[in-house]
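The structure under discussion appears below in the form of structure tokens.
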Amino acid sequence: MAGEAIIRQAGSDDLDRFFAYLNDHLLDNGSGATALFMPMARAASRFGPERESAFRSACASALGQPGWRRLWLALDNDGGIAGHIDLRARPEGACAHRALLGMGVQRDARKQGLGARLIAVAAAWAASEAALDWIDLEVLSVNLPARQLYARCGFVQTGETADMFRIDGQALAYCFMSLALR
Ligand SMILES: CC(C)(COP(=O)(O)OP(=O)(O)OC[C@H]1O[C@@H](n2cnc3c(N)ncnc32)[C@H](O)[C@@H]1OP(=O)(O)O)[C@@H](O)C(=O)NCCC(=O)NCCS
């Protein structure tokens, strides 16, 4: 049950099974009742070895270093991954006071409050880091479950770009949201 899941920061030992979980999670991208949530074509929704290796070194980078990243996992009673959230450096210079958020909840664990719990944990960590003042995120405008969750957790929409992506023959808008940490 996701309600009983514990949430903790991931270590390097967790990453192999995290990547396996993530690739399973990406099978949901725009499939069936799930909105497209990653700007990737449905058939190409995979996290390949190059991205895995970049993710691994980003998790080992100190906060404030270019390309830093931190990952938290929600683990169910059996130790299975029920959800994840990560914060990472923005790619632009002069943005060290901002972090970018990404997240997901395993398909059987959704709508039990786990998404909100994951955001609370990541936001509390970010607020405790004096160097960080904002969490930003980018979400496909069609992804209403995610946008509603973010709004409920205090994120404010700062902009929207129409026709940002053309994926599988569909024009998709991208929505930008931010949470002030102090
Ligand atoms: C978006 C996503 C992360 C939300 O995670 P979640 O764990 O389902 O989030 P929550 O349970 O906290 O909230 C989702 C809904 O469930 C409802 N809910 C929460 N606890 C509940 C409970 N005990 N019983 C019934 N409903 C509940 C919430 O009120 C919310 O409803 P709303 O959307 O009408 O406001 C999840 O749907 C997901 O992983 N989607 C695919 C990946 C994705 O979109 N990632 C984000 C990319 S930007």
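Start at 1 with the first residue, then count along the sequence. Note that the coordinates shown come from a computational prediction; the quantities given were computed from them, not determined experimentally. Heavy atoms only: backbone and side chains are in, while hydrogens, waters and symmetry mates are out.
Using modelled atom types, one side-chain atom of D14 and one backbone atom of G11 make a donor-acceptor pair closer than 3.5 Å. When atom types are taken as modelled, the side chain of D78 and the backbone of G80 share no donor-acceptor pair closer than 3.5 angstrom. Looking only at distances, a side-chain donor or acceptor of N23 sits under 3.5 Å from a matching main-chain atom of F47.
Between F165 and Y174, the ring planes are perpendicular. Angles over 60° get that label, and only those under 30° would be called parallel.
Nearest heavy atoms, A151 versus M177: N-CE, 4.0 Å. Contact between A5 and R117 at its shortest, heavy atoms only, is O-NH2, 2.7 Å. Taking each heavy atom of I135 and A126 in turn, the nearest pair found is CD1-CB, 3.9 Å. Across D136 and S178, no two heavy atoms sit closer than the pair OD1-OG, 2.7 Å.
Taking the charged nitrogens against the carboxylate oxygens, R182 and D133 do have a contact shorter than 4.0 Å, which makes a salt bridge. Using a 4.0 Å cut-off between charged side-chain N and carboxylate O, D28 and R42 make no salt bridge.
Residue R8 qualifies as enclosed at atom CZ: its count of foreign heavy atoms under 6.0 Å is above 12.
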From CA spacing to verdict: side chain to side chain contact (heavy atoms under 4.5 Å, CB included), D86, L100: CA-CA 8 Å; D86 75 313; L100 267 172; over 6 Å; no
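Between F37 and H25, the ring center distance clears the sub-6.0 Å criterion.
One hydrophobic cluster holds both L137 and W68 under the rule that ILVMFWY side chains link at heavy-atom gaps under 4.5 Å.
S45 and N29 share a donor-acceptor pair across their side chains, judged by distance under 3.5 Å alone.
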